[in-house]
Protein chains: 2
Amino acid sequence: MASTTPFRSGTRLAEIRHTPAQVRVITAAFGLFAEYGVAGTSLQMIADAMGVTKAAVYHQFKTKDEIVIATADHELVTLEAAVENAEAAPSRVEARRVLLLQLVDFSVRNRAQVRAWQGDPAMMRVLAKHEPFSGLTKRMFALLADDDSDTDWSIPAAMLAAAITAVGQPALAALDPEVLRQRVFHYACRLLDLHD
Amino acid sequence: MASTTPFRSGTRLAEIRHTPAQVRVITAAFGLFAEYGVAGTSLQMIADAMGVTKAAVYHQFKTKDEIVIATADHELVTLEAAVENAEAAPSRVEARRVLLLQLVDFSVRNRAQVRAWQGDPAMMRVLAKHEPFSGLTKRMFALLADDDSDTDWSIPAAMLAAAITAVGQPALAALDPEVLRQRVFHYACRLLDLHD
DNA sequence: GTCTATAATGTGATAGAC
DNA sequence: GTCTATCACATTATAGAC
């Protein structure tokens with residue numbers, strides 16, 4: 001039976017079990033969400049992309065919202081690992097550096113998906129009610145704002161998050177990933193007044 | 001620089017005639033687009049927000065895409081004015097400064113709308129095929145990149161555009177507009193290595 | 001300009017056969 | 001797990017009355 005789960009501070013680990021069939025739905029759905037938005041993606045489009053019928057998709061997830069949450073959880077695993085790496089850093093300055101590097105790396109590797117992920121109202125509506133997401137956001141914010149000064153970090157943090165996801169813009173699609181990684185990291189450091 | 005401005009080749013002025021009834025549709029639609037996204041907003045929702053029926057909305061615009069384009073044009077008038085003000089500046093440094101100030105001011109005044117405007121895939125799909133928008137984007141980019149160095153401005157320009165629209169994030173909703181304006185401008189200048 | 005009525009299609013979702 | 005078939009409802013869109 002389910003005894004008291006060893007989750008630390010209410011934040012559940014995003015290590016959720018998904019069957020291979022569910023992962024296929026998640027992969028197809030996430031790509032379509034990035035291209036057409038959550039509201040602009042129908043179950044029929046997901047089924048067509050997988051080469052199956054709507055009912056087959058419904059056998060894996062009971063509702064469309066469950067698919068949205070599952071795609072989010074699937075990505076949150078990577079973000080959670082990045083945050084945990086940063087939290088394990090020896091100093092606060094180093095922790096910020098590690099977090100930034102990993103956020104940039106994560107965004108560059110996903111590009112368009114990351115941009116849609118934070119821009120879509122329908123996606124944000126479900127993520128706002130999703131504890132693992134809000135918990136991760138708080139931990140990231142704490143890492144960024146944890147310094148001696150009495151600066152209000154809410155504005156630069158919000159601008160940083162938005163600026164990093166700019167890697168998904170069509171105008172930058174042709175750029176080499178390594179160049180993009182380095183230069184986005186450089187400008188992100190400048191935004192936060194860090195040395196890179 | 002201001003003397004050589006007869007360059008309106010193909011770029012139509014966004015002074016498009018809209019009847020009062022059409023403006024009422026545009027206003028209602030744009031608010032809903034910001035909250036639910038374009039794909040997540042139905043004609044029924046627009047009609048309900050206006051207190052009329054669907055057919056009354058259809059009488060003003062033949063298709064949903066026409067409503068999307070009309071809302072864009074309605075906002076582009078303000079952006080166009082900002083670009084023209086910047087282009088009329090006496091120097092390149094001053095032109096950039098004027099453009100930045102007006103972009104920030106415009107974004108703060110609209111907040112959530114601006115964020116949805118550039119984040120929604122459905123909105124971007126119609127704007128990409130819309131010449132007045134791509135023309136304005138090119139003129140803004142030219143103002144930002146117009147300097148002596150051989151720097152590639154595509155990355156910081158994309159990050160800047162995204163960072164400015166961060167003013168629409170829910171976490172910053174409670175902040176005083178004037179504070180938001182000043183601090184976003186400050187960080188935007190830092191991103192571009194300008195003095196503010 | 002706004003209404004009622006309706007067409008044609010797409011939507012999320014369910015039931016039951018294989 | 002996937003399929004066919006179907007449901008109730010919402011969607012874009014049209015036609016014609018007031």
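Below, read A as the first sequence line, B as the second, and so on, with proteins coming before strands; counting in each chain starts at 1.
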query: For the pair made of NE2 in A:His59 and C1' in C:dA13, what is the distance, rounded to whole Å?
result: 14 Å

query: Within a radius of less than 6.0 Å around OH of B:Tyr36, do more than 12 heavy atoms belonging to other residues, nucleotides or ligands occur?
result: no

task: Examine B:Leu194 and A:Ile155 and state if one hydrophobic cluster contains both, with Ile, Leu, Val, Met, Phe, Trp and Tyr joined whenever side-chain heavy atoms are less than 4.5 Å apart.
output: yes

- request: Indicate for each nucleotide in nucleotides 12-18 of chain D, in 5' to 3' sequence, whether protein heavy atoms under 4.0 Å reach the base (B), only the sugar-phosphate (S), or nothing (-).
  value: BBB----

- prompt: Rounded to the nearest Å, what distance is computed from the CD1 atom of residue B:Ile46 to the P atom of nucleotide D:dA10?
  reply: 17 Å

message: Please evaluate residues B:Asp120 and A:Asp120 with respect to the criterion side-chain contact (heavy atoms from CB on, under 4.5 Å), reporting the C-alpha separation (whole Å), side-chain torsions for both, the decisive distance (0.1 Å), and the verdict.
response: CA-CA 6 Å; B:Asp120 195 312; A:Asp120 195 312; over 6 Å; no

task: Report the C-alpha separation of A:Thr63 and A:Asp65 in whole Å, then their side-chain angles, then the decisive distance to 0.1 Å, and conclude whether the side chain to side chain donor-acceptor pair (under 3.5 Å) test is met.
output: CA-CA 5 Å; A:Thr63 75; A:Asp65 273 5; 5.5 Å; no

query: side-chain contact (heavy atoms from CB on, under 4.5 Å) between B:Val114 and B:Val108: does it pass, once the steps are laid out?
result: CA-CA 9 Å; B:Val114 167; B:Val108 168; over 6 Å; no

- prompt: B:Trp117 vs B:Phe133 aromatic rings, parallel, tilted or perpendicular, using cut-offs 30° and 60°?
  reply: perpendicular

query: Looking just at side-chain N and O atoms, do A:Asp73 and A:His130 make a donor-acceptor pair shorter than 3.5 Å?
result: yes

field: d(CE, A:Met45; C1', C:dG12) in whole Å
entry: 15 Å

message: What is the separation between atom OH on B:Tyr36 and atom C1' on D:dA10, rounded to the nearest whole Å?
response: 16 Å

- request: Mind running a 4.0 Å heavy-atom check of residues 21-32 of chain A against DNA chain D and sending the residues that fall below it, in number order?
  value: A:Ala21, A:Arg24

- prompt: Does D:dC3 have OP1 or OP2 sitting under 4.0 Å from an N or O in the side chain of A:Thr53?
  reply: yes

query: Nearest 0.5 Å, what's the OG1-CZ distance between A:Thr151 and B:Arg183?
result: 7.0 Å

